[in-house]
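In listed order, ligands and their atoms are each counted from 1. These numbers come from a predicted model, not from an experiment.
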Amino acid sequence: MPKSLQGELTATGRKFAIVVSRFNDLVTRRLVDGACDVITRMGGAEDDITVAWVPGSFEIPLAASLLARSGRYSAVICLGAVIQGSTSHHEYINSQVAAGIMGVMRETGVPVTFGVITCESLEQALDRAGGKSGSKGVEAALAAIEMASLVTRIGVAVG
Ligand code: INI
C-alpha cells in the first residue's frame, strides 16, 4: 500500500499572514474579506490573522518574504488585482509578481499562495472577487490552510 500524505482543511491554532495590494482596492478588499471568512470558518481565529497592505501588486513579494521569514506564520496569502489598462505596465507586473511569490515560497519553505487576479476589466475582477466566478481570496486561503497542514505532516513523516 502506498503511504498517502494530504493536508487537511483545518486552520485551528494556526497563524496566517495576508499581503494585499491597495491598488484596485474595490476588488482587493473583497479578496481579504473572502480569505478571512474562510480561515475563521475552518477554525482559525481572527486575532491570528495579520493583514499587511502594500501599494501595488509589484510590492507583494517583498512583504511576503519578510513575513514568511519571520517564522511566525503557517502560510502567507498574497492578494491583488492587476487589470489590463491602456499601457503594457500590467504585463511587467504580472510576470514579476508570480515569479516573486514562487521564489519566496521556495526560498523560505513556507507556503505562499497566489490570489492575484489578472484580467481585462474591473467587471471581470469583481466577478472573481466574490462575484459570479467565485473568489480568488477564498481559493488562496484554502490552498494556504491545506499546504500549512501538509507541510506539518510531511515534517512528521520524514522525521
Ligand atoms: N498594481 C496593481 O496591483 N494592479 C494594477 O492593475 C496596476 N497597474 O495596472 O498599474 C498596479 N500598478 C502599481 C504597481 O503594482 C506598483 O505599485 C508601482 O509600479 C510602484 O512600484
What pairs of donor and acceptor atoms, side-chain ones from residues 108-118 against any protein atom, are under 3.5 angstrom apart with sequence neighbours left out?
unit_1: T108; atom_1: OG1; unit_2: V104; atom_2: O; d: 2.7
unit_1: T108; atom_1: OG1; unit_2: V110; atom_2: N; d: 3.2
unit_1: T113; atom_1: OG1; unit_2: A140; atom_2: O; d: 2.9

Task: S135 and D33, any side-chain heavy atoms less than 4.5 Å apart - done: no
Side-chain donor-acceptor contacts of residues 50-68 below 3.5 Å, not counting sequence neighbours, with atom names and distances?
unit_1: T50; atom_1: OG1; unit_2: Y73; atom_2: OH; d: 3.1
unit_1: E59; atom_1: OE1; unit_2: G56; atom_2: N; d: 3.0
unit_1: S65; atom_1: OG; unit_2: R69; atom_2: NE; d: 3.0

TODO: Work out which heavy atom in C119 is nearest to a heavy atom in Q124; give both atom names and the distance.
DONE: CB-OE1, 3.3 Å
Open item on the list: Just to verify, what does D25 make a salt bridge (Lys or Arg N to Asp or Glu O under 4.0 Å) with, not counting sequence neighbours?
Closed with: R29
Open item on the list: Any side-chain to backbone donor/acceptor pair from D127 onto S133? Under 3.5 Å, distance only.
Closed with: no
Open item on the list: I need the contact residues for ligand 1: any residue with a non-hydrogen atom closer than 4.0 Å to the ligand, ordered by chain then number.
Closed with: S21, F23, N24, G56, S57, F58, E59, A81, V82, I83, H89, I93
